[in-house]
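For reference, the structure discussed in these notes is given below.
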Amino acid sequence: MEMEKVYNPKDVEQKWYKYWIENKTFAVKPDSIRKPFTIVIPPPNVTGSLHMGHALNNTLQDIIIRFKKLQGFNTCWVPGTDHGGIATQNVVEKLLKKEGKTKYDLGREKFLETMWQWRVETGDIILDQLKKLGCGLDWDRTAFTMDEERSKAVKKAFIKLYGKGLIYRGKRLVNWCTRCGTALSDIEVEHENEKSSLWHIKYPLKNSDEYIVVATTRPETMLGDTAVAVNPNDERYTKLVGKTIILPLVNREIKIVADYIVDQTFGTGAVKVTPAHDATDYEIAKRNDLEIIEIIDTKGKMMNVPGKYEGMNVADARKAVVEDLLSQDLLINTEEYSHSVGRCYRCGTTIEPLMSEQWFLNVGEMSKRAVDAANKEETKFYPPSWKKPYVLWLENLRDWCISRQIWWGHRIPVYYCVDENGQKKTDCKPVAAFETPKECNSCKGTKFSQDEDVLDTWFSSALWPMSVFNWGSNENNEDLKYFYPTSVLATGHEILYLWVARMVQFGLEFMNEIPYNDIFIHGIVRDKSGKKMSKSLGNVIDPLGTMDKFGTDALRFSLAQAAAPGRDMQISDESFLAARNFANKIWNASRFIIMNLEGIGGLGEVKPSELADEWIIAEFANTAKKVKSSYESYDIDTAARELYDFFWTKYCDWYIELSKIRIMSEDKEVKKQVLSILVYILKGTLQLLSPIMPFITAEIWEFVNGNYELRITNYESTATDVRQIIAESSFLPVIARSDTDTAIQEMSVVQEIITRIRTIRSEMNISPAVQIEAIFNVLDGSKKANVQNNASYIKQLAKISSIKFGENIARPKNSALAVASGFEIFLPLEGLIDIEKEKARLSKEIVLAQQEIERTNSKLQNDNFVKRAPEIEIEKIKARLSEATTKIEKINESLKFLG
RNA sequence: GGGUAUGUAGCUCAGCGGAAGAGCAUUCGCCUCACACGCGAAGGGUCACAGGUUCAAACCCUGUCAUACCCACCA
């Protein structure tokens with residue numbers, strides 16, 4: 001079976017993923033010998049289809065999992081999806097709307113049926129797309145936050161917290177989305193700056209001509225004012241505190257109160273207080289024992305207000321109030337003003353703070369424990385800079401509003417004892433339970449109604465690392481014991497608080513143990529111009545399209561290469577193209593080697609026989625070490641770049657080129673010897689690269705091993721005896737050598753010489769077909785042997801016909817000069833040389849050498865440097881100085897010679 | 001108001017105490033028996049600015065200025 005000239009990813013990818021699935025390559029069970037390495041996927045919403053953010057997130061996880069597998073860990077990566085609460089309900093509501101229906105037309109039960117049906121039809125799309133990405137997930141463990149097992153976990157967690165008294169119900173000021181018709185938690189509100197106005201309004205004092213001026217961005221809420229507040233230290237208002245105001249338009253009597261929170265410098269220093277619709281005002285009201293009047297209902301309409309305004313929506317009410325104030329001469333001025341407005345993170349509607357009866361979770365103790373864990377480095381951040389904001393957030397956390405007034409989600413498992421008419425019996429205590437209770441504990445009644453609300457979708461997400469291992473049905477099961485705590489959580493920073501922090505809190509609460517040791521925070525994928533990708537901007541790049549066009553490995557490589565921990569990245573076709581070219585380079589280098597394996601009767605031992613061999617083995621050892629430690633610390637970008645550089649520049653451009661002399665050799669043993677090394681380095685590199693580019697490396701691996709007939713064409717499950725590239729503990733041993741540095745140093749001398757000759761060839765426009773002669777005038781005898789021994793390299797790569805060595809050789813006529821690493825190299829170029837060009841070239845080199853002399857001299861003349869710098873450093877500088885001096889000397893001689 | 005990052009070649013980014021690097025783009029030469037998705041070579045940078053520490057700073061410290069994101073009870 002021949003390899004194609006250009007790598008064609010499509011067939012290869014399909015074949016291999018199918019093979020992995022059919023052979024259960026990623027299926028895993030607890031194992032008493034091997035250590036586990038576990039990741040739970042950040043479950044994408046069932047609404048979603050794969051976007052670049054998912055592609056990045058899952059590529060990184062897959063890289064980590066595959067690397068750990070190679071290292072010998074029993075790796076487990078659990079897939080799944082999130083029911084996505086409000087977001088998902090909104091999608092289905094929109095579909096209904098197209099048919100001209102609302103969820104109320106269907107009713108709760110029918111609507112949920114529709115939702116489930118829709119979920120069954122579309123919910124797994126994203127999982128299939130993850131397969132296309134090549135993710136090594138254990139599909140047998142696929143979980144869904146609303147499946148039976150996960151639902152059990154949710155109920156169990158709720159009941160436990162309820163039993164501890166940490167969950168309570170209360171009427172509080174909450175964030176309300178009038179469109180979604182539900183309360184939201186504090187972090188589900190997104191703040192955005194918006195241009196608006198600051199209205200200055202006169203509030204007349206009772207029985208007086210005096211008035212106090214308040215400034216507000218929400219004039220319509222004045223209808224619900226129950227006080228005006230000033231700062232107790234504000235001398236302007238000291239004598240007004242305690243006085244009564246007649247609230248305009250409403251004619252209610254309200255008091256002027258003093259409260260420290262009022263900023264004297266803002267506006268007029270006097271604040272109207274609307275406790276029912278503003279968080280600050282609510283606190284002022286609590287401190288000052290003020291009445292709370294609700295004037296906006298859950299639909300965003302005015303209520304409990306003078307008839308004229310009753311039923312108006314907020315925006316209309318604002319206009320009306322402003323007009324009325326104006327006509328009564330109570331509006332002093334309107335200032336342009338920009339302030340931040342809260343919006344629903346799911347639909348963008350302006351949030352209305354209002355009083356509502358909700359379920360809350362007291363998170364005080366859990367937060368403290370999470371902070372402790374972070375401070376003790378039990379949860380460790382990559383990069384560490386995320387720790388501080390994380391801790392700060394936890395420390396200032398308020399109780400979590402966990403109830404939502406939607407239908408899609410986990411219904412709150414609280415049951416109320418009701419009478420014949422379905423009315424709640426106030427004397428009987430509500431019960432939290434897995435199922436409807438049989439009998440009321442206090443009145444022995446048998447009729448119950450379940451709480452109408454559902455839980456915040458993030459409540460079930462917070463249980464994910466436990467619930468996927470069936471914590472819900474059995475706390476002591478083997479999987480949970482073995483895989484929990486998981487090893488690392490990889491995610492973008494946008495859900496650090498929403499999800500990551502809460503998993504830690506719940507993990508500590510229920511398992512008494514953090515859910516993961518490492519928190520790997522990666523950046524956000526941006527477009528070419530640095531903008532966040534979004535549908536509305538029309539700048540999204542579809543990863544599926546990218547995979548089709550450039551190949552999955554190319555997509556993965558370009559994401560990996562850009563994924564420095566914590567940093568956002570810009571992605572475009574150019575980066576995919578570069579990665580695709582890399583894949584093709586790997587393919588062709590491998591193809592070249594594989595072609596040459598034919599007929600050599602197997603490979604031999606890896607035994608270096610000359611400098612290039614020593615050198616590439618040394619370089620590979622260095623690369624392998626760096627790459628492994630980079631994977632280890634989630635510096636995936638570094639690993640990718642190291643491999644790219646090593647493979648392309650060192651392996652292909654130098655080693656393969658140098659090996660060609662021996663590959664073409666008539667002597668079979670010589671050929672075999674060099675191919676053994678070529679294959680060893682190739683296989684080693686493929687393995688190190690396989691976490692990032694699993695498909696192409698797997699395919700080539702089989703070709704190299706000569707297994708491709710078996711594996712690729714009819715790989716039926718019987719072929720399991722052949723070790724795959726991604727088998728556990730299959731890292732090839734890295735040959736470390738004691739003389740690593742010597743080989744690298746000696747090689748660099750040869751490389752420098754080759755490069756300098758090539759430069760001359762290029763600048764003198766000498767066709768590659770023309771072989772030229774080189775004369776080496778040895779300046780530094782210690783380097784002679786090395787270069788002489790490797791003269792064939794110079795001949796091969798610099799296209800030199802013959803090399804002469806000598807001492808005190810004068811520059812031949814019409815020759816070009818290169819001074820490098822202890823040699824003066826003359827290239828006789830009779831009829832080819834352009835004397836003027838040569839002069840210009842040499843003059844330029846002199847300038848550079850001159851600068852070098854100045855730099856090094858000034859250092860050596862600095863007493864402090866000579867006294868305090870380490871010996872090695874001083875030696876280096878001296879060497880540089882002498883090299884530059886020789887160079888100038890030699891070039892000057894030549895210039896004189898040229899006339 | 002507080003916090004966190006980031007400012008290095010035209011673009012995307014590495015480097016984080018001892019001579020400024022890569023890829024793409026540009027220019028020149030090559031269809032060299034693996035690859036034109038390629039090979040060889042060249043040009044291109046007061047490493048945001050100002051101080052400081054150090055024999056030595058793109059790298060450490062301080063401040064300033066940009067940019068991005070996050071948090072906050074900006075009426």
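Each chain gets a letter, A, B and so on, in the order the sequences are listed, and its residues count up from 1.
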### Task
Write down the distance between CD (Q851(A)) and C1' (rU46(B)), rounded to a whole number of angstrom.
14 Å
### Query
Could you state the CG-C1' distance from L682(A) to rA34(B), rounded to the nearest angstrom?
12 Å
### W654(A) vs rC39(B): side-chain N/O to OP1/OP2 distance below 4.0 Å
no
### Task
Could you tell me whether the phosphate oxygens of rA19(B), OP1 or OP2, come under 4.0 Å of any side-chain nitrogen or oxygen in R855(A)?
no
### Interatomic distance at C1', rU53(B) relative to rG45(B), whole Å
26 Å
### Under 4.0 angstrom between S590(A) side-chain N/O and rA34(B) OP1 or OP2
no
### Message
Can you tell me the base-pairing partner of rG17(B)? Count Watson-Crick or G-U wobble geometry only, both distances below 3.5 Å, and say none if there is no partner.
### Response
none
### Task
Look through every strand shown and name the nucleotide pairing with rU6(B) as Watson-Crick or G-U wobble, where both distances are under 3.5 Å.
rA66(B)
## Note on the structure
From the candidates rG23(B), rU32(B), rA41(B), the one with an atom nearest any side-chain atom of T755(A) is rA41(B)
### Query
Which part of the nucleic acid, if any, lies within contact of K585(A), taking any heavy atom under 4.0 Å across all strands shown: a base, the sugar-phosphate backbone alone, or nothing?
base
### Task
Under 4.0 Å between any heavy atoms, over every strand shown, what does A589(A) touch: base, sugar-phosphate, or nothing? Just pick one.
base
### Message
Does K5(A) contact rA36(B) through a side-chain donor or acceptor facing the base, at a distance under 3.5 Å?
### Response
no
#### Entry: Atom pair distance, as rounded to whole Å: CZ in F865(A) and C1' in rG17(B)
13 Å
### Query
How about T649(A) and D653(A): does a side-chain donor come under 3.5 Å of a side-chain acceptor?
no
### Task
Determine: side-chain N/O of K388(A) to OP1/OP2 of rA5(B), distance under 4.0 Å, yes or no.
no
### Message
Using atom P in both nucleotides, what's the gap between rA72(B) and rG3(B) to the nearest angstrom?
### Response
15 Å
### Summary
In whole angstroms, the gap separating C1' of rC13(B) from CZ of R526(A) amounts to 15 Å
### Query
Should R761(A) be listed as having a side-chain N or O under 4.0 Å from OP1 or OP2 of rC30(B)?
no
### Query
If you round to the nearest 0.5 Å, how far is OG1 of T491(A) from CD1 of I519(A)?
10.0 Å
### Task
Could you state the atom-to-atom distance from CZ of F381(A) to C1' of rC70(B) in whole Å?
14 Å
### Task
Nearest-nucleotide wise, let me know which of T216(A) and N765(A) is further upstream toward the 5' end of RNA chain B.
N765(A)
### Query
Which nucleotide in the list rA14(B), rA41(B), rA34(B) gets nearest to the side chain of M664(A)?
rA34(B)
### Query
Out of rC39(B), rG18(B), rG23(B), which has the shortest distance to the side chain of Y644(A)?
rG23(B)
### Task
From the options rA34(B), rA75(B), rG18(B), select the nucleotide whose nearest atom is closest to the side chain of N588(A).
rA34(B)
#### Entry: Of residues 256-277 of chain A, the positions that come close to RNA chain B - non-hydrogen atoms, cut-off under 4.0 Å
I261(A), V262(A), D263(A), F266(A), A270(A), V271(A)
#### Entry: Under 3.5 Å on both distances, the Watson-Crick or G-U partner of rG43(B)
none
### Query
On a whole-Å scale, what distance lies between the P atoms belonging to rU62(B) and rG21(B)?
29 Å
### Query
For D259(A), which of N288(A), T280(A), N231(A) qualifies under side chain to side chain donor-acceptor pair (under 3.5 Å)?
N288(A)
### Nucleotide nearest S385(A) when distance is taken to its side chain, options rA75(B), rA5(B), rC30(B)
rA5(B)
### Toward the 5' end of RNA chain B, by each residue's nearest nucleotide, D568(A) or K844(A)
D568(A)
### Query
Salt-bridged, D573(A) to K549(A), with N to O below 4.0 Å?
yes
### Aromatic F592(A) / basic K660(A) pairing, under 6.0 angstrom, 45° off normal
yes
### Task
Just name whichever nucleotide pairs with rU12(B), Watson-Crick or G-U, keeping both distances under 3.5 Å, else none.
rA22(B)
### Query
Hey, does the side-chain of R641(A) have a donor or acceptor N/O within less than 3.5 Å of a partner on the base of rA14(B)?
no
### Query
Nearest-Å distance, CD (E336(A)) to P (rA75(B))?
17 Å
#### Entry: Distance between C1' atoms of rU27(B) and rG43(B) (Å, rounded)
7 Å
### Message
Suppose you measure atom C1' in rU32(B) against the same atom in rC47(B); what distance do you get, rounded to whole Å?
### Response
39 Å
### Task
Would you tell me if any nitrogen or oxygen in the side chain of N581(A) comes within less than 4.0 Å of OP1 or OP2 on rG38(B)?
yes
### Task
Would you tell me if any nitrogen or oxygen in the side chain of Q561(A) comes within less than 4.0 Å of OP1 or OP2 on rG23(B)?
no
### Task
If rC30(B) has a Watson-Crick or G-U wobble mate with both distances under 3.5 Å, name it; if not, just say none.
rG38(B)
### Query
Paired with rU53(B): which nucleotide, if any, by Watson-Crick or G-U wobble criteria at under 3.5 Å for both distances?
none
### Task
Look at the side chain of E873(A) against the base of rA19(B) and say whether a donor-acceptor pair falls under 3.5 Å; ignore hydrogens and angles.
no
#### Entry: Gap in Å between the two C1' atoms, one belonging to rG63(B) and one to rC24(B), rounded
37 Å
#### Entry: Side chain of P870(A) (C-beta onward), nearest among rG18(B), rA75(B), rA42(B)
rG18(B)
### Query
Between E752(A) (CD) and rA41(B) (C1'), how many Å, whole number?
16 Å
### Rounded distance in Å between the P positions of rG17(B) and rU12(B)
26 Å
### Ring-ring centroid check Y634(A) Y382(A), cutoff 6.0 Å
yes
### Query
Given rA14(B), is OP1 or OP2 found less than 4.0 Å from the side-chain N or O atoms of R567(A)?
yes
### Message
From the set rA75(B), rG40(B), rC35(B), return the single nucleotide nearest to any side-chain atom of R758(A).
### Response
rG40(B)
### Query
Looking at H493(A), does any N or O in its side chain come under 4.0 Å of the phosphate oxygens OP1/OP2 on rC69(B)?
no
### Query
Taking the six-membered ring of W199(A) as reference, does the NZ or CZ atom of R218(A) fall below 6.0 Å from its centre and within a 45° cone about the axis?
no
### Message
Measure CE/M764(A) against P/rG40(B) and give the value in whole Å, please.
### Response
21 Å
### Message
Could you check whether any side-chain heavy atom of L675(A) comes within less than 4.5 Å of a side-chain heavy atom of L678(A), counting everything from C-beta outward?
### Response
yes
### Task
Go through rA42(B), rA19(B), rU12(B) for me and flag the one nearest to the E763(A) side chain.
rA42(B)
### Gap in Å between the two P atoms, one belonging to rA5(B) and one to rA14(B), rounded
15 Å
#### Entry: Side-chain touch Y282(A)/R172(A), heavy atoms, less than 4.5 angstrom
yes
### Task
Take the angle between the ring planes of F576(A) and F550(A) and call it parallel below 30°, perpendicular above 60°, tilted in between.
tilted
### For rA58(B), the Watson-Crick or wobble partner whose two distances fall under 3.5 Å
none
